[in-house]
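Have a look at the structure below before the remarks.
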Amino acid sequence: MRASSERAIPVAAVLIAVLFVLAMLPMASTVLAPLTFALLVIALLWPVQQRMQRIVPRYVALLISLLVVVLAFVVFAWIVAWSFGQVGRWVIADAARFQQHYEEIRAWLEDKGIGVAVLSVDSFSTASILRAVQTVSSHVNSALSFWLIALTYVVLGMMEVEDFARRIAAMRSQSARELLLNGSRETAQKLRRYMSIRTVMSIATGLLVWIFTRTLGLPLAEEWGIIAFALNYIPFVGPLVATLFPTMFALIQFDSWQSVLAVFIGLNLIQFAVGSYIEPRVSGSALSLSPVIVLFSVFAWGYLWGVFGAFIGVPISIALLTFCRHHPSSRWVVELFGTGRDGNPAPP
């Protein structure tokens, strides 16, 4: 009886600690979210940094790596902002037609006994537009702060990688040393493969959406392709949003429900073919993540840290499961939440 109570105390302490950390995560998002994203960038960028250090001095290689990262983020943010801006300008220019379709849908729903809130022309007043601009400006400022903090972490982290590896190698505890070294290396490899596969699949999705919407004659085909490419980095949720946006836009542009249905079905077929058929066969068992864990990671981290949390939720889960796999006491977590098809042999 006493032994069981002694074992229950650590379990209770662990549960309390986990709940405390979960409660603190949203409050510490300003610091921890950029740090986590920076660790992902460092894992992706370090092999390039190592190769360049063999050719040029260390700090020159670091400067080149940072310039590449900044340029990639700027280009990505610019094309995404341009795409959404084009769609927004088109919707504002066609606001009268949007209002007409909305009134028709509202009248049809009210005939069926379904009451909806009234969206009048006042919804497009100067005050409402100013509020929308203020909201967008606030999100832009938050995003800029996030990128600035993350970039600072990346600079400091890239300078400390080699020293940190030497400090781990000098640790007295062999088990801790092997856990940190092997877990970090395998995590970095899996993250690089995950991001490369996700990028290739996002490009394929964007191209297919562009070709499909252009074939159907839906306006802004290039913009829909770019939006699908960007949102595909967020599993499950991103493809769903990338499907709903063009479908809602088609409700305004097309007069027949058959055309709208064709847009909806075609976009869903593209997302299903790429996300559920091609991508699993390309990635194979390298990531060893259960689809339930992928979906949970997106929603849980998105709830804690917003859009950035939804984006880095899956990489966080990959890292956690990889480290759990390298310790005997936590290997059951991988067996429970992984796919059970990891191609790597389990460590002794």
Side-chain angles (χ1 to χ4, degrees), residues 1-26 28 32-33 35-37 39-40 42-43 164-165 168-169 171-195 197-198 234-237 275-276 279-305 309-348:
M1 185 69 179
R2 181 179 178 182
S4 61
S5 62
E6 290 178 352
R7 286 195 299 267
I9 294 176
V11 172
V14 170
L15 290 176
I16 293 173
V18 170
L19 292 176
F20 179 77
V21 170
L22 291 176
M24 291 295 294
L25 284 175
L32 293 182
L35 174 61
T36 307
F37 185 78
L39 292 176
L40 172 61
I42 292 171
F164 192 69
I168 294 177
M171 293 177 64
R172 296 181 180 180
S173 174
Q174 181 180 357
S175 60
R177 183 172 63 248
E178 292 178 352
L179 172 65
L180 292 175
L181 285 176
N182 297 334
S184 299
R185 289 168 183 165
E186 187 176 340
T187 297
Q189 292 173 358
K190 286 191 174 185
L191 291 179
R192 286 193 289 269
R193 179 158 189 182
Y194 169 79
M195 291 303 300
I197 292 172
R198 180 61 61 180
I234 304 176
F236 293 106
V237 178
S276 300
E279 184 173 345
R281 282 156 179 77
V282 173
S283 61
S285 59
L287 303 181
S288 300
L289 269 185
S290 167
V292 176
I293 296 302
V294 173
L295 185 61
F296 175 79
S297 301
V298 173
F299 281 108
W301 290 101
Y303 172 77
L304 293 173
W305 289 347
F311 171 73
I312 61 180
V314 175
I316 290 174
S317 296
I318 292 174
L320 291 175
L321 287 181
T322 302
F323 275 97
C324 288
R325 181 178 170 274
H326 282 271
H327 198 278
S329 64
S330 59
R331 202 167 297 157
W332 63 270
V333 178
V334 183
E335 297 173 356
L336 182 62
F337 296 111
T339 60
R341 296 181 289 108
D342 197 336
N344 300 320

Between [X] and [Y], is any pair of side-chain heavy atoms under 4.5 Å apart?
X	Y	answer
Phe311	Phe37	yes
Thr36	Trp301	no
Ser184	Phe323	yes
Gln174	Arg177	yes
Arg198	Val314	no

Notebook entry, point to check: Is the CZ atom of Phe236 crowded by more than 12 outside heavy atoms at less than 6.0 Å?
Noted result: yes

Nearest 0.5 angstrom please: [X] [atom1] to [Y] [atom2], how far?
X	Y	atom1	atom2	value
Leu191	Arg193	CG	CZ	13.0 Å
Ile316	Leu321	CD1	CG	12.0 Å
Ile293	Ile318	CD1	CD1	12.0 Å
Leu320	Thr187	CG	OG1	8.5 Å
His326	Ser175	NE2	OG	13.5 Å

Looking only at heavy atoms, what is the nearest atom pair of [X] and [Y], with distance?
X	Y	value
Ala165	Leu181	O-CD2, 4.3 Å
Ala43	Arg192	O-NH1, 2.7 Å
Gly183	Thr322	O-CG2, 4.0 Å

Notebook entry, point to check: Hey, does the side chain of Arg325 reach the backbone of Arg331 with a donor-acceptor pair shorter than 3.5 angstrom?
Noted result: no

